[in-house]
Amino acid sequence: MIPLALAAAVMALAMGCSKEKKDPGYYKIPKQPQKEIDTTLHAMEGHDFETSIPWNDSQYRIIIARAPIDSMPEIHTGDGVRYKDNRIRIKILRHDSSVFFNHAFTKRSFSDILTPHFKKEGALLNLVFEQDLTDKDHLYFAGSVGDPDELSDEMIPLQLVIDRYGIFTYKVDDIDTHNAHADTTFIDDSYKKEEEDRLRNKNGL
């Protein structure tokens, strides 16, 4: 038989080894689950708007339609999420349904007033008719280019103005955008000749 003293010593040694293995200063770091990568190509919902307004002693119908577009490069946001860009068409009809203005806008339409960041990671978010600002010579629209994530407020606000000849101008609508071109207005007068010719023909000139 093993003497009691020897048995006690063996037991004490075993307990000591067990304590060493369970040293409270040793912690095993659990393996972190890998973050799932979102590979979905997202798109903002299409949106249509229509209203009629009295303008220049006549009635005009304004139609705005936003839709995702495949022909523009994908947008990759800062967190790696992919989005389609948008195209927004503004169509304005006279009371006799003839076309006064019809133009499809994309982010590239406003590239002159965008920072490199928004040129790369921004989408054309919206163009909204501002009836309260309308005067006898101009129709006003507010818009923005920015992060397509609906939870984000990162954007550059812009103002689009269409005059009575169908010429549109645009500019940054907020000088606090740190954009060097914030005070510059850009003009597209491609509609001017067409409208002047129409007026001449109407007046028999």
Side-chain angles (χ1 to χ4, degrees), residues 37-53 55 60-93 99-135 138-163 166-188 190-191:
I37 299 175
D38 185 356
T39 59
T40 305
L41 178 57
H42 298 269
M44 298 174 64
E45 291 185 3
H47 179 72
D48 295 324
F49 169 85
E50 184 173 335
T51 188
S52 294
I53 61 162
W55 190 51
Y60 286 75
R61 186 153 55 103
I62 297 175
I63 304 166
I64 304 174
R66 182 187 73 192
I69 181 171
D70 294 322
S71 60
M72 291 283 288
E74 292 178 10
I75 297 160
H76 295 254
T77 61
D79 55 3
V81 181
R82 301 160 57 222
Y83 281 88
K84 291 184 178 181
D85 209 333
N86 298 306
R87 177 175 57 203
I88 301 178
R89 180 176 295 278
I90 296 179
K91 191 172 184 179
I92 304 174
L93 304 177
V99 177
F100 165 69
F101 184 87
N102 184 17
H103 192 85
F105 295 91
T106 67
K107 179 177 60 181
R108 289 175 179 165
S109 304
F110 309 103
S111 61
D112 294 319
I113 59 174
L114 300 181
T115 62
H117 169 74
F118 285 108
K119 285 181 181 180
K120 182 180 179 181
E121 297 186 10
L124 179 58
L125 302 179
N126 53 46
L127 285 171
V128 180
F129 178 51
E130 295 190 294
Q131 186 164 352
D132 292 344
L133 297 180
T134 298
D135 58 41
H138 304 94
L139 299 171
Y140 291 83
F141 300 80
S144 60
V145 173
D147 191 325
D149 185 340
E150 61 181 10
L151 299 179
S152 174
D153 59 359
E154 187 181 5
M155 65 178 182
I156 289 183
L158 59 91
Q159 183 183 70
L160 173 74
V161 183
I162 302 173
D163 71 12
I167 302 170
F168 70 82
T169 61
Y170 57 88
K171 65 179 182 178
V172 174
D173 199 23
D174 184 356
I175 60 174
D176 190 25
T177 58
H178 308 290
N179 189 319
H181 301 288
D183 295 325
T184 304
T185 299
F186 294 84
I187 301 173
D188 185 315
S190 58
Y191 298 92

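All residue numbers in this chain count up from 1 along the given sequence.
Taking Phe141 as the reference, Phe129 meet the ring pair (Phe, Tyr, Trp, His ring centres under 6.0 Å) condition, with sequence neighbours excluded. Lys120 is linked by a side-chain contact (heavy atoms from CB on, under 4.5 Å) to nothing, counting only residues two or more places apart in sequence or in another chain. Evaluation of the ring pair (Phe, Tyr, Trp, His ring centres under 6.0 Å) rule for His42 yields Tyr83 as partners, not counting sequence neighbours. The side-chain contact (heavy atoms from CB on, under 4.5 Å) check on Glu130 picks up Leu133, Tyr140, Ala142, Gln159, with sequence neighbours excluded. Taking Glu154 as the reference, His117, Phe118, Asp147, Ser152 meet the side-chain contact (heavy atoms from CB on, under 4.5 Å) condition, with sequence neighbours excluded.
The structure places CG of Leu160 at 5.0 Å from CD1 of Ile90, a figure rounded to the nearest 0.5 Å. The distance from the CD1 atom of Ile75 to the CZ atom of Arg82 is 11.5 Å, given to the nearest 0.5 Å. The distance from the CD atom of Glu50 to the CG atom of Leu93 is 8.0 Å, given to the nearest 0.5 Å. With values rounded to the nearest 0.5 angstrom, Trp55 atom CH2 is found 8.5 Å from His138 atom NE2. Atoms NE2 and CG, on His47 and Leu127 in that order, are 11.0 Å from each other to the nearest 0.5 Å. Between Ser144 atom OG and Ile156 atom CD1 the span is 10.0 Å, to the nearest 0.5 Å.
Here the closest heavy-atom approach between residue Leu124 and residue Asn86 is recorded as O-ND2, 3.0 Å. A pairwise comparison of heavy atoms in Pro73 and Asp85 identifies O-CB, 4.4 Å as the closest pair. Across every non-hydrogen atom of Leu114 and Phe110, the tightest pair is CG-O, 3.2 Å.
Lys107 places a side-chain N or O within 3.5 Å of a backbone atom of Gly122 that can act as its donor or acceptor partner. In terms of modelled atom types and a separation under 3.5 Å, the side chain of Tyr170 and the main chain of Ile113 share no donor-acceptor contact.
When side chains are defined from C-beta on, Tyr60 does not count as touching Leu139, because their heavy atoms never get closer than 4.5 Å.
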Would you mind writing out the side-chain donor-acceptor pairs for residues 64-72 within the sub-3.5 Å range, not counting sequence neighbours?
residue: Arg66; atom: NE; partner: Glu45; partner atom: O; Å: 3.2
residue: Arg66; atom: NH1; partner: Leu125; partner atom: O; Å: 2.9
residue: Arg66; atom: NH2; partner: Glu45; partner atom: O; Å: 2.6
residue: Asp70; atom: OD1; partner: Lys84; partner atom: NZ; Å: 2.8

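Annotation for Asp153: atom CG does not count as buried by contact number, only 12 or fewer foreign heavy atoms lying within 6.0 Å.
Residues Phe105 and Phe168 place their aromatic rings such that the two centres sit under 6.0 Å apart.
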